[in-house]
There are 2 protein chains.
Amino acid sequence: MTAVLEHALIERLAAGLPRSPHQLNRLHESDAELVRLPGTGAVLAVTTDALEEEVATGLYDDPELIGWMLVTVNASDLAAVGADPLGILLCQTLPPETEPGWLDALQRGIRLACEAYDLPVLGGDVNAGAAPHLSATAVGLVPDGRPLTRRGCAPGDRVFASRPLGLGNAYAVTRLDPRCAAMRGAINYRPRARLAEGRLLRSFASCCMDTSDAGIATLDELMRRNGVGMRLTTGVAAWTDPTALALAQAAGLPPWMLHAGPHGEFELVFTVPEDRVSAFLVRAGAAGWAPVPLGVVTTEGSGLALDLGGSVVRLDAGRARNLFTETRGDLARFIAALAALPTPD
Amino acid sequence: MTAVLEHALIERLAAGLPRSPHQLNRLHESDAELVRLPGTGAVLAVTTDALEEEVATGLYDDPELIGWMLVTVNASDLAAVGADPLGILLCQTLPPETEPGWLDALQRGIRLACEAYDLPVLGGDVNAGAAPHLSATAVGLVPDGRPLTRRGCAPGDRVFASRPLGLGNAYAVTRLDPRCAAMRGAINYRPRARLAEGRLLRSFASCCMDTSDAGIATLDELMRRNGVGMRLTTGVAAWTDPTALALAQAAGLPPWMLHAGPHGEFELVFTVPEDRVSAFLVRAGAAGWAPVPLGVVTTEGSGLALDLGGSVVRLDAGRARNLFTETRGDLARFIAALAALPTPD
């Protein structure tokens with residue numbers, strides 16, 4: 001199995017640091033850290049995420065979107081473990097010369113997201129610095145002590161996404177590829193953390209993860225954590241966001257590539273044991289939610305099989321994940337390298 | 001009362017953001033955010049702090065010290081509310097060209113502090129960026145639901161510090177004033193968050209705050225939050241760290257000025273009702289701890305009175321707090337402006 005480049009630095013930094021006997025998850029096993037609260041039956045979920053490359057590269061340049069995303073990326077990790085949100089802390093470094101209008105729009109984005117998620121702001125830290133730097137920490141509670149994690153699925157479980165995927169990379173393509181700049185207006189990128197869906201999934205899902213790194217990296221991570229493969233029997237076009245699909249066609253990209261870039265849409269990908277699927281779909285439907293069936297969990301070593309519409313291919317999802325780092329963000333090289341990856345099933 | 005410049009930006013950023021009905025503290029009322037955990041009697045304490053100016057200005061340039069301080073500034077906020085530490089999350093932005101030796105020393109400082117405080121690392125976020133940026137979030141629990149806050153003291157309560165103060169600014173003077181560079185070796189700045197002391201104080205103190213911004217800003221904040229004054233009847237030299245005192249003498253600075261700069265030592269300043277002082281001192285002594293008596297809480301409007309050894313002066317502590325910002329960090333101007341502040345009692 002291809003090693004994931006991003007994991008190496010995290011493992012190096014974490015080496016030797018003391019861990020908690022109350023923590024349920026090990027490194028990479030969960031979107032949020034899960035800590036049993038001594039003296040209670042509850043589990044605390046806590047997660048921290050910075051917006052760094054997204055702002056530095058100009059991928060996010062609208063301050064209201066930056067504020068929205070600062071909250072969303074953290075709230076989404078609470079969603080993926082099925083936690084009830086308790087609140088968020090904001091850590092904001094701002095240059096003294098920050099324009100008041102920019103700052104107002106940033107705070108408006110933060111406020112709109114917090115209101116959308118019923119996620120109060122508990123506090124934070126404000127500093128002056130040469131460049132803006134934004135991070136946040138979201139806190140949630142799993143009252144019954146049984147959170148979702150990335151582990152727990154078995155061959156035969158069904159694979160779902162909370163909504164069609166692909167808008168994250170479609171947005172990135174319109175921002176980073178000048179040839180697609182004309183299509184910017186068509187992509188309305190304002191992802192929503194799926195907190196209500198995550199809570200509902202606590203009763204049904206065997207594993208869960210958000211698509212912050214887009215679909216294929218998420219599927220790859222779930223396969224790694226569970227020692228399984230996955231066969232996506234639904235054709236890729238059917239689980240790709242319609243706007244993203246239109247962009248792929250206009251840009252001459254095969255739709256599956258919109259799931260292979262590094263920028264996601266903060267949906268949930270999860271598995272449900274086959275004998276629970278009917279009950280799950282009834283409950284989801286009653287909540288006005290239509291989960292998207294992707295396929296089925298298969299045995300270890302079988303890797304990721306994708307139905308490209310007519311042909312079924314296998315994809316080394318670990319290789320796909322590393323390509324963006326390996327090609328140093330050069331979009332043309334990345335796409336050329338991706339195109340060489342699928343092999344016939 | 002002089003308005004605090006630092007508060008204005010925080011209040012502007014927080015304006016309009018949703019707050020939690022479960023949160024016990026309002027803005028500025030506590031060193032850590034305090035949230036009642038639904039369905040339990042416990043209170044969660046959570047706090048986030050970045051090291052920004054300290055690293056950017058070169059005040060901290062030893063990577064092991066930077067790692068130690070990243071943990072300590074956050075652990076100290078848990079200490080000030082008397083929480084049992086649950087863990088810490090680290091948010092690290094690192095330039096790709098970071099030297100391995102520098103990174104190893106940073107992680108060693110983090111590890112040593114976490115071990116010293118029995119504070120496990122729960123997780124974090126790692127990003128690539130142009131400049132290093134470090135923040136963290138510490139999480140703790142107050143099982144009985146009765147944390148310490150900055151509010152609760154009344155006239156007649158006794159004022160204490162957990163240890164002698166002043167080492168934070170003494171260290172800063174040796175780093176920022178070239179004339180004092182020769183004295184760097186004499187100042188061993190490696191503050192310890194006072195977690196055990198904070199937990200003990202939960203049974204005795206009426207209010208508590210850490211000296212992250214040094215002594216006078218801490219006393220000023222406690223006076224503001226409680227609508228009281230304070231008379232420090234112990235001479236300043238007696239509650240100043242002996243090494244800091246020696247530096248003040250060598251540098252020709254009045255010792256009280258070492259408590260008026262902006263860089264603290266992460267001790268606790270707290271008040272104990274007069275009728276609880278004896279029991280408190282017995283319990284502290286049994287724990288091998290000798291708190292430093294500073295003085296007494298007085299009524300509103302009486303401000304801060306300091307015994308300079310022979311003469312008693314009044315100090316507009318709010319003005320003193322703002323001077324470093326107003327003089328834009330120019331040490332000579334700052335010291336000259338400070339010198340003009342005390343007025344006869």
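Lettering of chains follows the sequences in order, A, B, ..., and the numbering in each one begins at 1. Just the heavy atoms: all of them, side chains too, but no hydrogens, waters or symmetry mates, feed the values below.
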Under a 4.5 Å heavy-atom cut-off, does chain A meet the side chain of B/T48, its backbone, both or neither?
both
Relative to chain A, which of B/L141, B/L13, B/V35 shows the most heavy atom pairs under 4.5 Å?
B/L13
Could you tell me if the side chain of B/L51 sits less than 4.5 Å from the side chain of A/N127, heavy atoms only?
no
Less than 4.5 Å to any heavy atom of chain A: does that hold for the side chain of B/P38, its backbone, both, or neither?
both
Contact class of B/L122 relative to chain A, heavy atoms under 4.5 angstrom
both
Is A/S20 close to chain B through its backbone or its side chain, or both, or neither, when contacts mean heavy atoms under 4.5 Å?
both
Output side-chain donor-acceptor pairs under 3.5 Å for residues 94-102 of chain B, partner residues at least two apart or in another chain, one line each.
unit_1, atom_1, unit_2, atom_2, d
B/T98, OG1, B/P95, O, 2.5

Answer yes or no: are there more than 12 heavy-atom neighbours, outside B/R12 itself, under 6.0 Å from its atom CZ?
yes
Which region of B/H133, side chain (C-beta onward) or backbone (N, CA, C, O), has a non-hydrogen atom less than 4.5 Å from a non-hydrogen atom of chain A, or is it both or neither?
side chain
For chain B, which of A/G41, A/C114, A/G16, A/A50 has the most heavy-atom pairs under 4.5 Å?
A/A50
If you tally heavy-atom pairs under 4.5 Å between each of B/L34, B/V121, B/V139 and chain A, the highest tally belongs to B/V121
Is there a side-chain contact between A/P18 and B/D118, using heavy atoms and a 4.5 Å cut-off?
no
Shorter than 4.5 Å, heavy atoms on both sides: which option in B/G124, B/P143, B/A42 has the most such pairs with chain A?
B/G124
Rounded to the nearest 0.5 Å, what's the gap from CD on B/E115 to CG on A/L17? Could you check?
8.5 Å
Picking from B/A130, B/A15, B/A128, which has the most non-hydrogen pairs under 4.5 angstrom with chain A?
B/A128
With chain B, the option among A/T40, A/L103, A/L37, A/I10 that has the most non-hydrogen atom pairs under 4.5 Å is A/L103
Can you tell which part of B/V126 gets under 4.5 Å to a heavy atom of chain A, answering side chain, backbone, both or neither?
side chain
Looking at B/R190, I'd like to know if its CZ atom is crowded, meaning that more than 12 non-hydrogen atoms belonging to other residues, nucleotides or ligands lie closer than 6.0 Å.
yes
Heavy-atom contact with chain A under 4.5 Å, split by part of B/L9:
side chain
Measure distances from B/Q23 to the heavy atoms of chain A and classify the residue's part below 4.5 Å as side chain, backbone, both or neither.
side chain
Can you tell me how far CG of A/D125 sits from CG of B/D49, rounded to the nearest 0.5 angstrom?
4.5 Å
Take A/V46 and B/L86 through the test side-chain contact (heavy atoms from CB on, under 4.5 Å) and record every step on the way to the result.
CA-CA 11 Å; A/V46 59; B/L86 285 174; over 6 Å; no
